[in-house]
Amino acid sequence: MKYVIIGGVAGGATTAARLRRLDEHCEIVMFEKGEHISYANCGLPYYIGDKITEKKALLLQTPVSFGNRYDVDVRVHSEVIAIHPERKTVSVCNLLNNKEYEESYDKLVLSPGALPIVPPIPGIDSKRIFTLRNVLDTERIKQFVTANYSTLKEVVVVGAGFIGLEMVENLHQIGYHVTIVEKAPQVMTVVDAPIAAMVHKQLKDKNINVLLQTEVTAFDTKEDRIQLTLSDGKQLDADFVILSIGVRPNTNLAADAGLKIGDAGGIWVNEYLQTSNPDIYALGDAIEFPHPLSGIPYCCYLAGPANRQARICADNLALGNTEKYSGSITTAIAKVFDLTVGSTGLSEHYLQKNNIPYLTSITHPFSHATYYPGAKQMSIKLNFSPENGRVLGAQIVGEEGVDKRLDLMASVVSRGGNVSDLIDIEHAYAPPYSSAKEPVAYAAYVAENILTHRVVPMQWHELKAILAQNNWQDEYFLLDVRSAMEVKNGMIEGAVNYPVDELREFVEEIPQDKKIIIYCAVGLRGYIASRILMQSGFNQVYNLSGGYKTYRLMTETL
């Protein structure tokens with residue numbers, strides 16, 4: 001059996017290695033357009049920022065070492081320019097001598113990856129504009145920065161996704177003043193606004209200039225500077241620009257070969273990772289697949305799922321279609337200066353866009369027991385089904401302990417678990433690592449209270465809309481249950497302060513003919529106050545989700 005694989009890295013190289021472990025006697029040919037077939041592309045920003053000082057640390061295998069270990073015919077600088085399914089061959093161009101030839105296959109694997117989005121903006125072909133997708137891109141940026149370090153001061157990063165923000169941090173670390181230009185109303189659009197707001201505050205604290213709801217309409221390179229014209233008519237000068245607008249599936253070969261392209265724009269595959277041609281398989285950034293939670297096709301640009309797909313693909317090639325791919329819930333995490341930000345499952349924006357019913361909660365627990373030194377507050381947002389409590393998505397931001405909480409939540413989301421499953425997780429506890437009431441369980445308890453109607457949440461934007469109305473006090477009574485000392489440091493205008501520990505003394509002073517909106521610092525005391533009032537004859541009581549912390553953050557940063 002002869003297997004031809006187009007593309008290396010997480011998809012193609014992993015498929016080749018697994019195939020060899022399953023079949024010592026098959027023939028494997030792998031084509032790679034570039035020079036490198038196995039590298040840590042997630043580490044590229046940290047090489048530019050000198051966190052990783054040696055480029056060779058990013059190169060997991062060279063073509064020679066990989067070929068020797070796995071007996072794979074690795075052909076770099078070889079671009080596959082056409083697929084001929086009818087005769088089961090591919091046309092290849094040797095980029096070193098521009099000679100073309102055909103190579104036959106019994107089974108073909110497509111792992112062409114994704115391409116950076118480069119919109120048709122005037123002047124975008126400037127030599128001072130860079131994308132970051134592979135080792136070659138990294139070398140170009142590194143060489144430019146090294147050669148001109150003494151004269152470079154200002155850099156603009158266009159796009160504020162995970163890679164864009166990692167680039168922002170690393171460029172800032174090596175001494176540049178960084179400006180972010182982002183089309184959306186927030187950074188990191190895969191997370192919901194209350195989580196993004198924490199990132200906004202961090203960027204502000206680090207003196208990063210953030211321009212939201214702004215696009216670049218033109219680039220104009222003048223000698224050693226580049227001028228950006230923005231959608232609001234303003235202009236911005238920089239020494240160089242990093243484009244991190246996003247990526248799109250590289251489907252050119254597949255489309256030209258007549259393979260089916262799906263509704264999300266990726267190569268269509270079935271559960272065995274077969275394309276519309278049964279002798280051609282595909283995986284990685286180039287494919288689309290139904291989301292496990294919504295059933296809606298989507299493209300997933302993550303290394304973890306690509307590695308899992310590669311293993312499944314190799315098994316199905318070598319052993320017959322025995323392994324099914326179930327899709328990815330797109331669990332992702334990133335470091336942004338002092339913060340760690342992570343998400344899994346579906347965001348509130350996605351749920352709204354696709355008319356999927358949901359409830360949401362925000363909590364602000366600490367990373368470990370507060371009596372043990374060094375506890376850091378984090379923010380957890382849960383999105384869950386109002387019908388059965390199924391956890392639809394989770395997002396976390398904080399300085400410590402984010403990754404382990406995100407992984408716990410992802411394990412529940414991936415198997416279709418609900419809020420009760422989060423509560424039932426048995427956590428390792430000691431004061432330096434967690435609390436007896438673990439942050440994951442704490443978030444789930446709050447969600448359970450919402451599901452069982454023990455508390456009715458009000459979101460920050462709902463309160464903001466109410467307070468924007470004239471005469472809102474005719475219908476609502478805004479109750480601040482924090483301590484008098486806390487209130488001195490700021491409160492929501494129009495609120496009345498009855499500290500929760502004294503609330504029972506003031507119950508008769510609260511109007512029963514109005515809707516009562518309660519808030520505290522983060523939500524806990526508001527919940528206690530809600531229970532007091534709901535059991536004292538008040539029928540319309542709401543607790544501000546995430547408390548004053550979330551409301552103030554959202555109204556000040558967005």
Side-chain angles (χ1 to χ4, degrees), residues 41-42 45 114 116-117 132-133 157-169 180-203 210 212-213 243-249 264-266 284-285 288-294 296-306 327-337 339-354 356 358 360-362 378-384 391-398 402-403 405-407 409-410 412-414 443 553-554 557-558:
N41 52 1
C42 295
I117 295 174
L132 181 62
R133 186 64 188 165
V157 176
V158 182
F162 280 62
I163 298 297
L165 290 183
E166 287 172 348
M167 282 300 300
V168 168
E169 176 184 349
I180 297 171
V181 177
E182 170 56 53
K183 178 181 179 181
Q186 66 171 69
V187 302
M188 277 191 170
T189 55
V190 297
V191 302
D192 295 328
I195 301 298
M198 297 289 292
V199 182
H200 292 176
K201 184 178 184 304
Q202 175 79 174
L203 294 170
V210 182
L212 299 173
Q213 295 181 287
L243 282 185
S244 186
I245 299 173
V247 297
R248 62 175 179 83
D285 294 352
E288 65 173 62
F289 199 82
H291 196 287
L293 298 176
S294 68
I296 300 171
Y298 74 110
C299 298
C300 176
Y301 307 112
L302 296 171
S328 167
I329 56 171
T330 59
T331 304
I333 195 166
K335 178 182 180 294
V336 184
F337 292 99
L339 294 180
T340 300
V341 191
S343 68
T344 187
L346 305 177
S347 69
E348 192 170 356
H349 173 74
Y350 182 99
L351 294 166
Q352 291 174 350
K353 179 181 176 181
N354 292 285
I356 299 173
Y358 72 97
T360 190
S361 68
I362 303 171
M378 62 178 72
S379 298
I380 299 177
K381 189 172 188 295
L382 282 184
N383 298 326
F384 50 97
V391 184
L392 300 172
Q395 300 157 24
I396 314 178
V397 59
V402 169
D403 52 345
R405 273 75 188 207
L406 184 68
D407 288 342
M409 291 181 168
V412 171
V413 173
S414 65
L553 189 66
M554 296 304 298
T557 61
L558 290 179

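What you see below is based on every heavy atom in this structure, not just the backbone, and it leaves out hydrogens, waters and symmetry mates. Quick caveat, the model's predicted, so the values are computed rather than measured.
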Can you name the closest pair of heavy atoms from [X] and [Y] and give their distance?
X	Y	value
R248	I117	N-CG1, 4.1 Å
V191	A196	CG2-N, 3.9 Å
A443	L382	O-CD1, 3.7 Å
P45	L132	CG-CD2, 3.9 Å
T360	K381	OG1-NZ, 2.7 Å
A410	T331	CB-OG1, 3.6 Å

For the backbone of [Y] and the side chain of [X], can you confirm whether one donor and one acceptor N or O come within less than 3.5 Å of each other?
X	Y	value
E288	A264	yes
H200	Q186	no
E182	A160	yes

Practice problem: Verify side chain to side chain contact (heavy atoms under 4.5 Å, CB included) between L212 and V187, making sure each step is shown before the conclusion. | Solution: CA-CA 8 Å; L212 299 173; V187 302; 4.2 Å; yes
| message | Counting neighbours of NZ on K335 that are heavy atoms of other residues, nucleotides or ligands and sit closer than 6.0 Å, is the number greater than 12? | response |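 Counting neighbours around NZ of K335, more than 12 heavy atoms of other residues, nucleotides or ligands fall under 6.0 Å, so yes.
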First locate atom [atom1] of [X], then atom [atom2] of [Y], and finally report the distance between them rounded to the nearest 0.5 Å.
X	Y	atom1	atom2	result
M554	I362	CE	CD1	7.5 Å
M378	I195	CE	CD1	11.0 Å
I163	C42	CD1	SG	6.0 Å
T189	K183	OG1	NZ	11.0 Å
L293	L351	CG	CG	9.0 Å
N383	L392	CG	CG	7.0 Å

Answer whether the closest heavy-atom distance between the side chains of [X] and [Y] falls below 4.5 Å.
X	Y	value
Y350	S294	yes
T330	H291	yes
L165	F337	no
V190	F162	yes
F384	S361	yes
P116	L243	no
E348	Q352	yes
L346	Y358	no

- Evaluation steps, side chain to side chain contact (heavy atoms under 4.5 Å, CB included), between I396 and M409: CA-CA 10 Å; I396 314 178; M409 291 181 168; 4.1 Å; yes
- Message: Test side chain to side chain contact (heavy atoms under 4.5 Å, CB included) on V336 and L203; report intermediate values, then the result.
- Response: CA-CA 8 Å; V336 184; L203 294 170; 4.2 Å; yes
- Message: Set out, in order, the CA-CA distance, both residues' side-chain angles and the distance that settles side chain to side chain contact (heavy atoms under 4.5 Å, CB included) for D285 and V247, then state yes or no.
- Response: CA-CA 9 Å; D285 294 352; V247 297; 5.9 Å; no
